[in-house]
There are 2 protein chains.
Amino acid sequence: MSRIINFDHAAATPLLPEVIASMEPFYQEIIGNPSSVHGVGQKVKKAVEEAREKVATLIKASPEEIVFTASGSEANNFAIKGVAFANQQKGKHLILSAIEHFSVLHAARSLEKMGFQVTLIPVDKYGLVDSEAIKAAITHQTILISIQHANNEVGTIEPIEKIAAIAHEKGVLFHTDAIQTVGVLPVDVKKFDVDFLSLSAQTFYGPQGAAALYVKKGRRIMPLIDGGIQEGGRRAGTENVAAIVGMGTAATLAQNEMESRFNKLLALRDKLINAIPAKISHVYLHGHPERRLPNNVSYGFEFIEGESILLFLGMSNIIASSGSACTSKALKASHVLTAIGISHAIANGTILFSLGIDNTEADIDLLIEKLPPIIERLRAMSPLYKK
Amino acid sequence: MSRIINFDHAAATPLLPEVIASMEPFYQEIIGNPSSVHGVGQKVKKAVEEAREKVATLIKASPEEIVFTASGSEANNFAIKGVAFANQQKGKHLILSAIEHFSVLHAARSLEKMGFQVTLIPVDKYGLVDSEAIKAAITHQTILISIQHANNEVGTIEPIEKIAAIAHEKGVLFHTDAIQTVGVLPVDVKKFDVDFLSLSAQTFYGPQGAAALYVKKGRRIMPLIDGGIQEGGRRAGTENVAAIVGMGTAATLAQNEMESRFNKLLALRDKLINAIPAKISHVYLHGHPERRLPNNVSYGFEFIEGESILLFLGMSNIIASSGSACTSKALKASHVLTAIGISHAIANGTILFSLGIDNTEADIDLLIEKLPPIIERLRAMSPLYKK
């Protein structure tokens, strides 16, 4: 079987060998519960705390500000619901962008059913959130603003420092979903001045099952999962020790290699971004041309269906995605593409190529070779397409 | 280093070699997101669905009735909060026993802060829940009764079939936290007639990071984690594929070996239960003498501190626990021991020996040899003890 050329890193990143090696002892030899007082328990406790320090270092936080969760979606739900419930005596109004991840949007929708109000802020055609609209939406009831650091579908990087300042000027708490950026771009919670920040190991070649929420010291939040006293009483449940250890290892590697990874990805990304319109007509780059994740290439191919493109790419062992993996089965036009004003037709012909550090220039060359005839062939079959 | 004699299986069970072997490919080769439509995604999707079928089979449920979570605590929170929020238009009253796990009790406490009412039902000196008190506590506002199948600290097995019948007679939903029993005792959701049931892989030698809630077909529940459409829209977040696969493997092994494991554990348990009072005076077996988990031995040793006993046992490489790992650091008398009427002094001198299938008769012999002189020595130092 020939090698799979993976342009779907947004759905899952392969684990680095160092990450796997660091996890293995915690499956095979050192099985314990960090809350146990005896030696084995203390050994795994130490491993969890070392991982916490590594993750904290990656975002310039203190270890006690890191609450481990089992997924980025859990971290986002914890932030939105936990902050809302803990601060509802102050007010019941939240402000989000229209292009947040579903784990933020749907958590807020659940809160709406419980009497909270939610304002969705529009974005421009590049996916940039309208900061002035945020400022205008703040009322004396507003308790939380949540704007993602970068969008998972179109790659646009939001001006979150500016938005955090707007929030804090009015005494409103600020959360950012930085799941797409932590481990990829420099993230400094103090410089950004955020109160809450979500991150996930899966973005930086760590394991599934490990993610975290940064909770600034002193900020009030209600647990999403009540119970035992794990994570300082903020998230109950026996820790997934192996996954947390793997996340720590992946965090340190991401930090040490950030610049070289970034430069490598940027070169691959721009090669692909430039090659596609040079070889294929009627294509539309989604997202911001400059303020953009180094691993995100999202193109709309007019007159055809994204699913058909994926099918043909798959025959050449190339995998990519027609949108967020969390919603790809929904077969509705992406809420992100809709919010940036993309027509239903072009949204349906959109492919997200999410690059990873395991990609090579040869991978890009292969894609650039295979893609144009696929598009041509599909358009030839399309009743909508007139040359 | 000599081998560690593990009597703390309630905190963590070692993974079986077959479980580790089944998980490894999903760390090392097949990294994907089950929601992706391409080949790799479909391969992991298939693995997750096979695991779901194995877990369903273990409790005689249908696969679509299994919602994977990342921990037993998450499953309990999902059940308590999700059922309360989904059914609050019917009423806002819940009934629990006083000896539920903290992930049930504290989830209910969070609901109290949001306007729900919670009635705690007392237990007798064996830890048996008073079924008549449950019946008497039901009002037209009651939406959920949650009683654990077996207690994690004292091992008492509750008459949940009877309690489920009481609940359903009054049109009230019934949840059981069966985290201590699934994989250890036969559990049949249809025979028990439960609406919701929590289970965890960690009880049956599966990995940390994998657990589940059984949700009977047609029963309404709100997600705890909103977002993508994973788990039928009931629990968002990228699946922890490796852990879920490991849970499936562990479920099948638990099912196939249930009788032999049970008989082995029962013989070891009864040997230890009988040996302790034969060799040591002033000891008190907590929990029910017969309706009891086959792996639970909980004894109160009068006049001394549990922590000191653990320290001395540790010098012989024997590990056990002075209570639930989730609360052991709290240094308060266990709410379970308090509820069954154990004095503060004896509660503080309590050790839980939780046995596992890796224990041997030689382990028990060693414990029976080492324990009496430790107790004698500690009592000799105790100002409370007069021979």
Side-chain angles (χ1 to χ4, degrees), chain A residues 4 8 11-15 20 23 27-28 31-33 35-41 70-74 76-77 85 101-103 106-107 109-110 202 207-209 222-230 236-243 307 310 314 319 321-322 324-330, chain B residues 4 8 11-15 20 23 27-28 31-33 35-41 70-74 76-77 101-103 106-107 109-110 114 202 207-209 222-230 236-243 307 310 314 319 321-322 324-330:
Chain A
I4 285 170
D8 191 18
T13 54
L15 275 66
I20 297 175
M23 293 169 67
Y27 276 121
Q28 307 199 339
I31 302 300
N33 185 320
S35 298
S36 302
V37 291
H38 50 64
V40 186
S71 69
S73 290
E74 186 193 331
N76 279 339
N77 272 260
F85 290 142
H101 188 263
F102 274 168
S103 54
H106 292 181
R109 191 187 289 169
S110 281
Q202 265 287 286
Q208 295 173 335
M222 278 230 337
L224 185 70
I225 303 176
D226 291 291
I229 54 168
Q230 294 94 351
T238 301
E239 296 86 344
N240 189 342
V241 177
E307 299 299 324
L310 292 182
I319 64 173
S321 154
S322 60
S324 158
C326 307
T327 55
S328 57
K329 279 181 297 195
Chain B
I4 284 172
D8 191 17
T13 55
L15 275 66
I20 297 176
M23 293 169 68
Y27 276 120
Q28 309 199 341
I31 303 299
N33 185 320
S35 298
S36 302
V37 292
H38 51 63
V40 185
S71 68
S73 290
E74 185 192 333
N76 279 339
N77 272 260
H101 188 263
F102 273 169
S103 54
H106 293 180
R109 191 188 288 171
S110 282
M114 299 181 195
Q202 265 286 286
Q208 295 173 336
M222 279 231 333
L224 185 69
I225 303 176
D226 290 292
I229 54 169
Q230 295 92 352
T238 302
E239 295 87 343
N240 188 342
V241 178
E307 298 299 324
L310 292 183
I319 64 174
S321 154
S322 60
S324 158
C326 307
T327 55
S328 57
K329 280 182 296 196

Item to complete: Kindly indicate whether the side chain of A:Ser71, heavy atoms from C-beta on, has any atom under 4.5 Å from the side chain of B:Thr238.
Response: no
Honestly, the part of A:Leu224 sitting under 4.5 Å from a heavy atom of chain B is both
Chain B shares the most heavy-atom pairs under 4.5 Å, among A:Gly237, A:Gly72, A:Ala70, with A:Gly237
Taking every heavy atom of A:Ala242 against every heavy atom of B:Gln208, the minimum-distance pair comes out as N-OE1, 4.5 Å
Okay, A:Glu239 and chain B: the region with an atom under 4.5 Å from a heavy atom over there is backbone
Side-chain touch A:Asp8/A:Ser321, heavy atoms, less than 4.5 angstrom:
yes
Honestly, the part of B:Asn240 sitting under 4.5 Å from a heavy atom of chain A is both
Between A:Ser110 and B:Met222, the two heavy atoms sitting closest are OG-CE, 4.0 Å
Between A:Ala12 and A:Gln202, the two heavy atoms sitting closest are CA-OE1, 3.1 Å
When the 4.5 angstrom heavy-atom criterion is applied to A:Asp226 and chain B, the contacting part is both
